[in-house]
Amino acid sequence: MTWRASVRSVAATVPEPVVMGVVNVTPDSFSDGGEWLDPAAAIAHGHALVAQGAAILDIGGESTRPGAEPVSEAEELRRVLPVLDGLSGAGARLSIDTSKAAVAAAAIDAGATLVNDVTALRGDPEMAVLVAQRGCDVCLMHMLGEPRTMQRDPRYGDVVEDVSSFLAQRLAHAVAQGIAPERVWLDPGIGFGKTIDHNLELLRRLDEIVALGRPVVVGTSRKSFLGTIAGGREPGERVAGTIATNVIALTRGASVFRVHDVAEARDALLVAAATLRGRWLPPTTTSTTTTTSTTTSTRTTTASRPS
Ligand code: HH2
């Protein structure tokens with residue numbers, strides 16, 4: 001394909017970016033641990049992220065940073081439930097970032113319509129059945145190993161082929177368990193058992209994961225490889241790096257962007273999407289609260305939005 005033809009084909013398929021704001025109700029998250037542990041602070045933060053343009057709030061009560069120790073079910077519930085309650089009706093879809101079925105079940109009862117499971121349904125045998133029965137959306141993420149040990153010398157044959165075939169298998173497993181295929185979103189798990197080069201190769205060839213036919217979520221926000229590449233930036237100084245990777249991911253067809261810095265990412269993604277299309281139309285539909293789907297928009301040229 002010529003360069004000009006390839007630019008045109010990106011423009012024809014660029015998705016409407018959906019921004020997922022991170023609400024970490026944890027003492028030890030790698031970039032904002034402890035900041036939102038108090039329920040009132042977490043709820044206020046969630047409202048602020050919605051005002052900045054988050055269409056989804058991803059609420060988590062257990063850190064998955066490299067080296068993180070597991071948290072009990074009771075403690076995770078104690079952290080997230082008041083925050084879910086406080087954010088239902090906030091104007092964004094609620095996502096629960098958990099791999100425990102009991103936490104997901106309580107979160108769904110409290111209004112969550114997306115289960116973000118970083119173990120891709122491997123962490124709890126009850127999770128697939130729960131998602132199937134409750135009819136919510138589920139994000140299946142790739143991770144090599146488990147958080148405590150995943151960054152110890154991760155190795156792949158071809159990282160993109162390995163991650164892609166893992167996600168295809170997990171999608172097939174989800175469907176075999178009764179989850180409707182259109183409920184499944186996929187995520188390459190940037191930073192989860194990956195070297196810097198693995199992360200970069202996954203982002204550069206993200207279209208190969210988009211080709212699996214499901215909405216693709218990317219979570220590069222503030223991750224350490226961005227700080228390392230930029231010469232040693234602290235998590236709060238990695239917004240520009242986050243945006244660079246989000247825009248690249250958008251050009252490869254990713255549609256959901258999990259970020260801490262919502263306002264900056266949203267503006268960059270809207271401008272990048274409009275530029276790739278070569279035109280801008282004012283927003284059309286904005287209902288994001290009560291259904292299990294994100295918004296639909298007549299601006300989307302191909303159906304790569306989460307549905
Ligand atoms: N990254 C983190 C947590 N959950 N979920 C998905 N789907 N994709 C990701 O890349 C992803 C995720 C890690 O980021 P954060 O929540 O900020 O840190 P911590 O796990 O330390 O709480």
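Bear in mind that the values here come from a model prediction, so they are computed numbers and not experimental data. In each ligand, atom 1 is the first atom listed, and ligand 1 is the first ligand listed.
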Handout entry: Residue selection (non-hydrogen contact nearest atom 14 (O) of ligand 1) among R65, R258, H260
Key = R258
Handout entry: The one among T64, V23, V218, D97 that brings a heavy atom closest to atom 4 (N) of ligand 1
Key = D97
Under 3.5 Å, N or O to N or O, is [X] touching ligand 1 that way?
X	value
F30	yes
D187	yes
D28	no
S29	yes
S63	yes
I190	no
N24	yes

Exercise for the section: Among all protein heavy atoms, pick out the one at the shortest distance from atom 5 (N) of ligand 1; state its residue, atom name and that distance to 0.1 Å. Expected result: N116 ND2, 3.1 Å
Completion exercise
atom 1 (N) of ligand 1 sits nearest the protein heavy atom K223 NZ, 3.0 Å
Would you call [X] and [Y] a salt bridge, taking side-chain N to carboxylate O under 4.0 Å as the test?
X	Y	value
K100	E62	yes
R277	E16	yes
R155	D153	yes
D97	R258	yes
R238	D261	no
D137	R214	no

Number the atoms of ligand 1 from 1 as they appear, then name those within less than 4.0 Å of a heavy atom of [X], with their elements.
X	value
G219	10 (O)
F192	1 (N), 2 (C), 9 (C), 10 (O), 11 (C)
V118	4 (N), 5 (N), 12 (C)
M141	6 (C), 8 (N), 9 (C)

Handout entry: Straight-line distance of E161 CD to I209 CD1, nearest 0.5 Å
Key = 11.0 Å
Fill in the blank from the handout: Value for CG (L203) from OG1 (T251), rounded to nearest 0.5 Å, stands at 10.0 Å
Handout entry: Flag side-chain contact, heavy atom, 4.5 Å: E35 against H45
Key = no
Completion exercise
Minimal heavy-atom distance between G61 and R79, with the atoms involved, is O-NH1, 2.8 Å
